[in-house]
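We're numbering straight along the sequence, starting at 1. Please read all numbers here as calculations on a predicted model, not as lab measurements.
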Amino acid sequence: MLFYWFLFAAAAVPALAERQWSMLQLQGARIAIVSIFVVVSLSLIIGFRYEVGGDWSTYLGYLDYASMLTFGGVLLAPDPGYVLLNWISVEAGWGIFGVNLMGGAIFSIGLIRFSQTLPRFWLALAVAVPYLVIVVAMGYFRQGIALGFIMLGFVSLRNNSLIRFLGWVLVGATFHKTAILLLMVAVIYRSTNRFLQLILVVGALAVGYNVLLADSVDRLYQTYIQDQYQSQGALIRLTMNAVPAAILLLQYRKFSRLSDDLRLWRWVAMAAIVLFGAYFVIDSSTALDRVALYILPLQLVVFSYLPDALGPGSRGRQLNWVVLILSYYALVQGVWLFFANHAQYWLPYRFYPLDMASF
């Protein structure tokens, strides 16, 4: 368990001196060096974990499945992106660690690139560690990879490249089909013509259904809706998105003074509130929980902007907000590690090359 606290502290400690750190220590090439170091470190932590994560045994089955396929068969398989990683790893003799290392690198690159666009890089990373990194990237692995591509897509959208965003989302959807739902928020955000918005949304959904969902929509319906499968802790996770969403919507004027890019996140915040409300009227919480995973970057955005939005001009007030945010996420991590029903699958953390079972 100590390993997870070391991981959180590695981001939280520099977050306490974020302004000075970013201004004095991370100029020019040093930013690139630190970013590469963080990407490599996270990739190794995710890639060389051993029997860590609730779906570990399930993902082993993908290796057997991929070993029976030709390259052409891989491209026709459900979730072809993830199957391709398994096929490459089987052919190279890398086993499950090859898959996890490649997937971990995709997630880590997306996370770091996304965090670089935010005003407080280390604070964003500290916010990401307790759930986005530990739980999603090491547990919901296919969705974690998809989320890595989606975060790259958000960076492209910030740079006014809608086409690249659509491309990243579609690639992410080859790892987990539910990622296709992210198209709607971006399309609505980028278009000012209401009729064109409708056409683009319908078109995006139609393409996503026919290309990615058609062969398994019945299975998804059976799993997530008809069986009314309840995801344990879904309300807590939906609330974790709803809190920053409410902060952004209620204090939007203060946030918008810092960046025009927050218009997108106002739409995402609205989606988070809708999902939270839907929990109380829709029978299956798992469907909501899986979709809510793609809204997790909202937490990084809101809390990295919050100290400057709500404590402008006062270094002391800003630091107080940083401490409060870090305390909140330390509490989140502690509650999950000590009380979550499935935390046992993450404990202890094992690093395969060194067999760090004592952690």
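Atom CD1 in Ile295 sits 11.0 Å away from atom CG in Leu147 (nearest 0.5 Å). To the nearest 0.5 angstrom, Tyr352 atom OH is 12.5 Å from Asn100 atom CG. Taken from CG in Leu152 to CZ in Phe165, the straight-line distance is 11.0 Å, to the nearest 0.5 Å. If you take CZ on Arg253 and CZ on Arg257, they are separated by 8.0 Å, rounding to the nearest 0.5 Å. Atoms OG1 and CE, on Thr117 and Met151 in that order, are 10.5 Å from each other to the nearest 0.5 Å.
Annotation: side-chain hydrogen bond (donor to acceptor under 3.5 Å, both in side chains) contacts involving residues 293-303, sequence neighbours excluded, comprise Gln143-Tyr294, Thr178-Tyr294, Asn241-Gln299, Gln299-Tyr329.
Note: the hydrophobic cluster containing Leu250 does not contain Val274 (ILVMFWY, side chain heavy atoms under 4.5 Å, direct or indirect links). Residues Phe339 and Leu347 share a single hydrophobic cluster, defined by chaining ILVMFWY side chains whose heavy atoms lie under 4.5 Å apart. Following chains of ILVMFWY side-chain contacts shorter than 4.5 Å, one can reach Met240 starting from Phe338, so the two form part of one hydrophobic cluster. When the side chains of ILVMFWY residues are joined at heavy-atom separations under 4.5 Å, either directly or via intervening members, Val13 and Val129 end up in two distinct hydrophobic clusters. When hydrophobic clusters are built by joining Ile, Leu, Val, Met, Phe, Trp and Tyr residues whose side-chain heavy atoms come closer than 4.5 Å, directly or via intermediates, Phe71 is grouped together with Ile88.
Between the side chain of Trp87 and the backbone N or O of Leu69 there is at least one donor-acceptor pair closer than 3.5 Å. A donor-acceptor pair is defined here as one N or O able to donate and one able to accept, closer than 3.5 Å; no such pair exists between the side chain of Tyr62 and the backbone of Ile96. Checked by atom type and distance alone, the side chain of Arg317 pairs as donor or acceptor with a backbone atom of Leu310 at under 3.5 Å. Under the 3.5 Å distance criterion, the side-chain polar atoms of Trp346 are matched with a main-chain donor or acceptor of Ile134.
Below 30°, between 30° and 60°, or above 60°: for Phe276 and Phe280 the angle between ring planes is above 60°, a perpendicular geometry. A tilted orientation is assigned to the rings of Phe114 and Phe154, their planes being inclined by 30° to 60°. Taking the six-membered ring for Trp and thresholds of 30 and 60 degrees, Tyr349 and Tyr4 have ring planes more than 60 degrees apart, a perpendicular arrangement.
Residues Met138 and Ile45 come closest through the heavy atom pair CE-CG2, 3.4 Å. Between Arg315 and Ala17, the shortest heavy-atom contact is NH2-CA, 3.9 Å. The heavy-atom pair separating Leu162 from Leu157 by the smallest distance is CD1-CD1, 3.9 Å. Across all non-hydrogen atoms, the minimal contact from Pro307 to Gln318 is O-CG, 3.3 Å. When all heavy atoms of Leu262 and Ser256 are compared, the closest pair comes out as CD1-N, 4.2 Å. Considering all non-hydrogen atoms of both residues, Val302 and Phe255 come closest at O-CE2, 3.5 Å.
In this structure, Leu258 places its CG atom where more than 12 heavy-atom neighbours from other residues, nucleotides or ligands lie under 6.0 Å away. The 12-atom threshold is not exceeded at CH2 of Trp94, counting heavy atoms of other residues, nucleotides or ligands nearer than 6.0 Å. Residue Trp168 qualifies as open at atom CH2: its count of foreign heavy atoms under 6.0 Å is 12 or below. Heavy atoms from other residues, nucleotides or ligands lying under 6.0 Å from CH2 of Trp5 number more than 12.
No side-chain heavy atom of Arg120 sits under 4.5 Å from any side-chain heavy atom of Phe303. The shortest distance between side-chain heavy atoms of Tyr279 and Thr239 does not fall below 4.5 Å. The shortest side-chain heavy-atom distance between Leu101 and Phe48 falls under the 4.5 Å cut-off. Between Leu300 and Ser115 the shortest side-chain heavy-atom distance falls below 4.5 Å. Looking at heavy atoms from C-beta onward, Leu111 lies in side-chain contact with Leu125 at the 4.5 angstrom threshold. Contact check for Tyr65 versus Val83: side-chain heavy atoms found under the 4.5 Å cut-off. Looking at Ile46 and Ser108, their side chains come closer than 4.5 Å, going by heavy atoms from C-beta outward. For the pair Tyr82 and His176, the minimum side-chain heavy-atom distance is 4.5 Å or more.
Aromatic ring centres of Phe351 and Tyr50: separated by at least 6.0 Å.
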Any chance you could lay out the side chain to side chain contact (heavy atoms under 4.5 Å, CB included) test for Ile145 and Leu85, step after step, and finish with the verdict? CA-CA 11 Å; Ile145 300 173; Leu85 291 190; 4.1 Å; yes
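Annotation: cation-pi geometry not satisfied between Arg237 and Tyr131 (NZ/CZ under 6.0 angstrom from ring centroid, within 45° of ring axis). Phe3 does not carry Arg49 over the face of its six-membered ring by the limits of under 6.0 Å from the centre and within 45° of the normal.
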